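Structure first, then comments.
Because the structure is a prediction, the values reported are computed rather than measured.
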Amino acid sequence: MQPMITNGASTSIWHTTASFPDFSALQHDAQADVCVIGGGIAGLTTAYLLSKQQKKVILIDAFMLGAGETGRTTAHFFPPDEWYAAIEDSFGADHAALIANSFSSAIDTVESIIATEQIDCAFRRVDGYLYAPSASLHQDIEKECDAARRAGVAVEKQEQIPDIPFVTGPCIKFSNQAQFHPLDYLKGLANAIVRNGGIIHCHTRALKIEDHDTYQTISTHQGKIDAQAVVVATNTPFNDKVVIHTKQAAYRTYVIGMRIPKGSVPPILIWDTGDPYYYIRLELPDAERDYDILIVGGRDHKVGQEPHPTDRYDEIEQWVRERFPMAQSVEYRWSGEVMEPADGPAFLGRNPLDNDNVYVITGDSGNGMTHCTLGGMIITDLILGRQNPWSSMYDPGRKIIHGFSEYVTEQANTLSQYSDWVKGGEVSSISDIPIGEGAIVQEGADKLAVYHDSDGKIHTVSAVCTHLGCIVHFNSAERSWDCPCHGSRFDIDGEVLHGPASAPLPTRK
């Protein structure tokens with residue numbers, strides 16, 4: 001077993017409590033029925049379901065399994081975070097009912113896989129509660145409760161979330177939601193894939209996909225893989241330069257894990273309708289310990305557009321201490337990346353610009369565990385030529401009609417980021433950069449991304465994102481260079497941590 005290698009400097013509770021076999025890199029050219037790119041829940045679920053259908057599957061990941069966003073989730077299953085009332089307003093009641101059915105089926109599928117493969121991942125059915133943080137928003141609770149009922153969801157309106165130490169006011173109880181340990185689940189999926197004859201290669205970055213009509217060639221540094229179908233399950237697709245990335249936006253979300261006395265909060269899920277919003281779950285550590293971990297997240301912002309990201313942790317901690325006076329020390333702080341589709345539903349299915357044998361799973365919208373599971377279910381059916389009741393609803397090729405105003409706003413925000421090209425550097429010289437910090441430095445016509453590490457060494461790379469040319473910004477919480485346009489992220493030496501960029505930032509002297 002190897003220690004976890006992740007795509008950021010922060011460490012989640014899952015990273016510290018799980019270990020993975022470190023699958024070797026691809027050594028030579030290979031062939032498969034399906035090549036899955038991405039070693040998170042989306043890729044491993046897809047590979048597992050296809051391997052159960054006797055498909056020859058090769059899964060590759062640039063890092064280790066679970067090194068990306070699955071290891072940075074809060075790992076709970078809950079209603080769509082745009083909520084049923086908004087879905088009904090945009091798409092109609094029938095569409096909302098389909099969404100509800102798909103979400104329920106995703107949880108059932110995870111539970112079934114866990115039972116079939118005997119995966120020890122602390123899966124637990126729990127009730128979830130949605131509340132409005134101010135009286136002016138109480139009407140939203142009424143509207144959401146009615147819409148959820150029309151969608152066929154088991155809900156109950158209550159006057160207060162039970163057994164918690166602060167007043168919430170009216171809330172909706174969503175019965176039979178779920179939570180688990182995401183990396184222990186991934187480890188179980190990986191073991192099952194190998195038992196089914198699948199092949200897994202880590203430390204193998206997909207560089208490009210070449211179309212040959214009836215098959216695709218995936219190029220890596222170590223060799224090529226020919227496959228009849230390719231599934232790009234990398235949180236956001238690297239193979240699509242523009243189309244998908246104009247229909248979704250990248251956000252950073254923040255999480256802390258705090259000790260609380262054992263049994264002081266029941267094992268429930270909580271979400272609010274505020275802006276900024278917060279979400280809560282409970283993690284129960286080893287039974288011999290005398291505390292639980294209260295996991296609280298929120299305070300999202302556009303990737304690369306927050307100059308002081310570490311302040312988000314402090315803001316969440318303050319919010320928790322005001323509502324949970326028994327909260328003790330902060331044990332964990334981490335952040336993750338969320339892709340938000342302009343119109344709500346995720347993008348799960350055939351990539352719109354490719355032949356029918358290239359598929360994508362993206363647009364998790366904060367429901368990563370659910371949408372990634374659904375993506376594997378839908379794409380398995382598409383590859384096998386089976387009908388799927390949700391494929392058209394989540395079609396990546398759909399036009400953004402509903403949510404068009406949000407789409408326009410996001411595009412305007414993205415275009416405005418290119419103004420960084422006409423701005424000067426953030427510091428006048430490299431010597432002005434404090435230890436442990438990074439800054440953009442202007443050198444003639446070039447913009448450099450410069451990091452000053454704790455040993456005094458200077459790391460200098462181009463500041464121009466290799467996706468579509470935005471200027472990256474330093475993320476002090478993760479010690480990374482983040483693109484404010486489409487969410488690509490790079491380490492201090494320019495290597496890709498998160499797409500859509502597939503090429504590193506060039507090194508500069």
Looking at H371 versus F103, is the centre-to-centre ring distance below 6.0 Å?
->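 So the answer is yes for these two rings.
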Do F474 and Y451 have their ring centres less than 6.0 Å from each other?
->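 Yes, close enough.
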So that I can tick it off, tell me whether [Y] and [X] are bridged by a salt bridge, with the cut-off set at under 4.0 angstrom between side-chain N and carboxylate O.
X: R386; Y: D381; result: yes
X: E306; Y: R252; result: no
X: K247; Y: D395; result: no
X: E317; Y: R333; result: no
X: E117; Y: R195; result: yes

So which of D482, N235, N7 actually passes side-chain hydrogen bond (donor to acceptor under 3.5 Å, both in side chains) with H498?
->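 With H498 as partner, D482, N235, N7 yield a single side-chain hydrogen bond (donor to acceptor under 3.5 Å, both in side chains), made by N235.
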Pick one: which of R398, Q248, K399 meets side-chain hydrogen bond (donor to acceptor under 3.5 Å, both in side chains) with D343?
->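 Only one option passes, and that is R398.
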Minimum heavy-atom distance P484-C470, with the two atoms named =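 Heavy atoms only, the tightest pair is CD-CB, 4.5 Å.
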Just by distance, no angles: are the side chains of [X] and [Y] close enough, under 3.5 Å, to form a donor-acceptor pair?
X: H459; Y: W481; answer: no
X: S335; Y: E478; answer: yes
X: E111; Y: T109; answer: no
X: Y278; Y: R299; answer: yes
X: H212; Y: D226; answer: no
X: D81; Y: S365; answer: yes

[X] side chain to [Y] main-chain N or O, any donor-acceptor pair under 3.5 Å?
X: H76; Y: A178; result: no
X: K302; Y: T414; result: no
X: T70; Y: I41; result: yes
X: T380; Y: M377; result: no
X: Q27; Y: A25; result: yes
X: Q442; Y: G444; result: yes
X: K447; Y: V472; result: no
X: Q54; Y: K52; result: yes
X: D453; Y: G456; result: yes
X: H467; Y: K241; result: yes

Does atom CG of D120 have more than 12 heavy-atom neighbours from other groups under 6.0 Å away?
->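 No - once you tally the heavy atoms of other residues, nucleotides and ligands closer than 6.0 Å, there are 12 at most.
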Does CD in E210 sit with more than 12 non-hydrogen atoms of other residues, nucleotides or ligands closer than 6.0 Å?
->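 Yes - once you tally the heavy atoms of other residues, nucleotides and ligands closer than 6.0 Å, there are more than 12.
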Does NZ or CZ of R259 fall inside the cone over Y291's six-membered ring, less than 6.0 Å from its centre and within 45° of the axis?
->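 Yes - R259 lies over the ring of Y291, closer than 6.0 Å to its centre and within 45° of its axis.
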Within 45° of the ring axis of F78 and under 6.0 Å from its six-membered ring centre, is that where the NZ or CZ of R281 lies?
->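 Verdict for F78: no cation-pi partner in R281.
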Close side-chain approach of I199 and L59, heavy atoms under 4.5 Å =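 Heavy-atom side-chain distance check fails, nothing below 4.5 Å.
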Could you tell me the separation between the CZ atom of R489 and the CG atom of N475, rounded to the nearest 0.5 Å?
->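 Separation between the atoms: 6.0 Å.
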